[in-house]
Amino acid sequence: MPEYSCSDSLPGSLFDVIIVGSGVVGCAMARRFTLEGASVLVIEKAADILDGASKANSAILHTGFDAPPPGSQEHGCLADGYREYLDIHARLNLPLLECGALVLAWSSEEADRLDGILQNARRNGVTSARILDARQVLSREPAVGDSVVAALEVAGESVIDPWSAPYAYLLQALDNGASLARNCELLGGDFDGVEWSLQTSRGQLRARQVINCAGLYGDLVNQLLIAESNFEIRPRKGQFVVFDKSARSLLNSILLPVPTEITKGIVVCPTLFGNLLVGPTAEEQQSRSDTGVEANELHALVERGGRILPALRRHTVTATYAGIRPASEHKDYQIQWYSERNYCCVGAIRSTGLSAALGIASYVYRQYQDSEHRHVPLSNCQWPRVAQVADPGPRDWQQPDNGGIVCHCELVTRREIENALSGPLAPGSLAGLKRRTRVTMGRCQGFYCSAELCELTEGCFEQPLAVAKK
Ligand SMILES: Cc1cc2nc3c(=O)[nH]c(=O)nc-3n(C[C@H](O)[C@H](O)[C@H](O)COP(=O)(O)OP(=O)(O)OC[C@H]3O[C@@H](n4cnc5c(N)ncnc54)[C@H](O)[C@@H]3O)c2cc1C
């Protein structure tokens, strides 16, 4: 496995491409460039992948029905990313919940706006959308508040696993020859007209091309490397509440509000892990890393969820979290090649990056080819199958010799944890282990399994779970 652990020195060899950042966009980029035959190194400043914007989102695979119009970067990348996920997910063993979405109108004014959204969907190539009256909405979603007036149904909207997808993209890149260095922060770089020399927290690196996929830090990486940026990141926090698995049966589809200029609005959404999400909020903030949650926002989300699905008031919240969108002053993505400097910035991938990542990677690769860089695509590439932790299973707890269940809330076995810790792309933190296995993510939030987990993970993370025993 071409991963450079903290004790390894980094290679002095010249890479075709160094990708800065291992969020979902960097992972998809590494996959595309590797499969096309380029030599790729991904550098990530955190101890684990997916530690920025990609660690927390709504996990919706968007069709792009409400995306900016054709011709925008976001529209093209979303359409291609959506299609490619459908094409490859089964080969990588990635789950897909094809539940569809309803954009709910709660007043005649909102109902009047549905037709405009329908026209946008058709303009964007999403032809399956159609308007439902209140009776049709309630027959499809009987738990929705009966003051609903109408809805736009978008059949293709789906739910995916926000972590196993990018994990699989990067794993496929690594299995086919790419390299990864975590705990490796880009600090600066020089381009001599032919190649880049990058200064990192782990030493000097060389590459012909650099692709900035630094998400929430994209504008700062631009400043570090090319001393300019055509956008400024304006972090936009989104808080969520996660309802207990008992609430999951209350809905079949993703429930969306009629969107505003600023945000897609508060969504009520099933997860692939058998829960029900309400969120996200949309709050501008200065900090690029503060994912704290606030009681008043969470109460408002619970209240909002109860208005959409009245029976939700009888169910309990088991977790809360927040993510930060890498938004900017622009509406569209900011993907820009600086061909004369062998540099590309993939910036401001704000609220649809999970869905669009594969499309973004292909878009960037096409532009790279246009500037006369050519590689020979791999003829016989590896297709790793990632471990399945989505709720409908099959899961390891149903199989023999699994070592017993460690996390009873999420039914995570000792073998799943050991495999994650010893397997390829092993987690560099407890958060990473949670994203790979779901351990501690259930109703008790680790209350019952933390002691066993402490033992199992001893020596694995830079930041251990607890102070070492005497
Ligand atoms: C609340 C919320 C809800 C969302 N819902 C959805 C949804 O339902 N569907 C959907 O498609 N999208 C959704 N998104 C959007 C999606 O999560 C983002 O578009 C996506 O995560 C952006 O990924 P990224 O790779 O560009 O950035 P990031 O995930 O931030 O990755 C950048 C990486 O670069 C690393 N890095 C930064 N600086 C350096 C440096 N100097 N050296 C080395 N490494 C560095 C960071 O540590 C990080 O790991 C949502 C986002 C939020 C916040």
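Heavy atoms only: backbone and side chains are in, while hydrogens, waters and symmetry mates are out. Count residues from 1 along the sequence. Numbering of ligands and ligand atoms starts at 1, following listing order.
Between Arg435 and the options Val389, Asp51, Leu430, Asp161, a side chain to side chain contact (heavy atoms under 4.5 Å, CB included) holds for only Asp51.
Distances from ligand 1 to the non-hydrogen atoms of Cys184 include at least one value under 4.0 Å. Heavy-atom separations between Ala56 and ligand 1 include at least one value shorter than 4.0 Å.
Near Arg325, meaning under 4.0 Å from one of its heavy atoms, ligand 1 places the atoms 51 (C), 52 (C), 53 (C). Taking a cut-off of under 4.0 Å to the non-hydrogen atoms of Pro280, the atoms of ligand 1 that pass are 1 (C). Within ligand 1, counting atoms from 1 as listed, the ones closer than 4.0 Å to a heavy atom of Ser355 are 9 (N), 10 (C), 11 (O). Residue Val24 approaches ligand 1 through these ligand atoms, each under 4.0 Å from one of its heavy atoms: 20 (C), 21 (O), 23 (O), 25 (O). Less than 4.0 angstrom separates some heavy atom of Leu216 from each of these atoms of ligand 1: 30 (O). Against a heavy-atom cut-off of under 4.0 Å, Ile324 is close to the following atoms of ligand 1: 53 (C). Atoms of ligand 1 lying under 4.0 Å from at least one heavy atom of His62, given by number and element, are 7 (C), 8 (O), 9 (N), 10 (C), 11 (O). Those atoms of ligand 1 that come under 4.0 Å of a heavy atom in Gly21, given as number and element, are 33 (C), 34 (O), 35 (C).
At least one N or O atom of Ile349 sits closer than 3.5 Å to an N or O atom of ligand 1. Residue Gly353 has at least one nitrogen or oxygen atom sitting less than 3.5 Å from a nitrogen or oxygen atom of ligand 1, judged on distance alone. Inclusion of Gly323 in the set of residues having an N or O under 3.5 Å from an N or O of ligand 1 is not warranted. Backbone and side-chain nitrogen or oxygen atoms of Thr352 are examined, and one is located within less than 3.5 angstrom of a nitrogen or oxygen of ligand 1.
Protein heavy atom in closest approach to atom 35 (C) of ligand 1: Glu44 OE1, 3.4 Å. When hydrogens are left out, the protein atom nearest atom 26 (O) of ligand 1 is Val25 CG2, 3.4 Å; that is the closest non-hydrogen contact. Atom 41 (N) of ligand 1 has its closest protein heavy atom at Leu186 O, 3.3 Å. For atom 5 (N) of ligand 1, the nearest non-hydrogen atom of the protein is Ser58 N, 3.1 Å. Taking atom 51 (C) of ligand 1 as the reference point, the nearest protein heavy-atom neighbour is Asn57 CB, 3.7 Å. For atom 28 (P) of ligand 1, the nearest protein heavy atom (residue, atom name, distance) is Ala53 N, 3.5 Å. Summary of contacts: the protein heavy atom closest to atom 43 (C) of ligand 1 is Lys45 N, 3.3 Å. Counting only heavy atoms of the protein, atom 12 (N) of ligand 1 lies nearest to Ser351 O, 3.1 Å.
For atom 38 (N) of ligand 1, the nearest non-hydrogen atom from the set Tyr217, Tyr82, Tyr333, Tyr85 comes from Tyr217. Considering Cys27, Ser289, Ser54 only, the shortest heavy-atom separation from atom 20 (C) of ligand 1 involves Ser54. Relative to atom 32 (C) of ligand 1, the option among Gly52, Pro162, Gly279, Cys213 with the closest non-hydrogen atom is Cys213.
Ring to ring, His62 and Tyr85 are not that close: their centroids are 6.0 angstrom or more apart. No close placement of the Tyr343 and Phe191 rings is indicated, their centers lying 6.0 Å or farther apart.
Comment: Glu74 does not engage Lys331 in a salt bridge, judged by the lack of any side-chain N to carboxylate O separation of less than 4.0 angstrom. Look at Glu44 and Arg182 and you find no salt bridge, because none of the NZ, NE, NH1 or NH2 atoms lies under 4.0 Å from a carboxylate O. Between Arg325 and Glu283 there is no salt bridge, since no side-chain nitrogen of the basic residue lies less than 4.0 Å from a carboxylate oxygen of the acidic one.
Dense packing is recorded around CZ of Arg140, with more than 12 heavy atoms of other residues, nucleotides or ligands lying under 6.0 Å away. Gln463 CD: 12 or fewer foreign heavy atoms inside a 6.0 Å radius.
For the pair Arg206 and Phe15, the NZ or CZ position fails the cation-pi test of under 6.0 Å to the six-membered ring centre and within 45 degrees of the ring normal. Stacking of Lys45 on the aromatic ring of Tyr217 is recorded, both the 6.0 Å distance cut-off and the 45° axial limit being met.
A side-chain donor-acceptor contact under 3.5 Å links Arg436 to the backbone of Gly432. Proximity of a side-chain donor or acceptor of Arg248 to a complementary backbone N or O of Phe243 within less than 3.5 Å is not detected. A donor-acceptor pair is defined here as one N or O able to donate and one able to accept, closer than 3.5 Å; such a pair exists between the side chain of His89 and the backbone of Leu94.
For Arg304, the side chain to side chain contact (heavy atoms under 4.5 Å, CB included) test picks out Pro257, Ile266, Arg307, Ile308, with sequence neighbours left out.
Proximity of Val242 to Thr320: side-chain heavy atoms (C-beta onward) are nowhere separated by under 4.5 Å.
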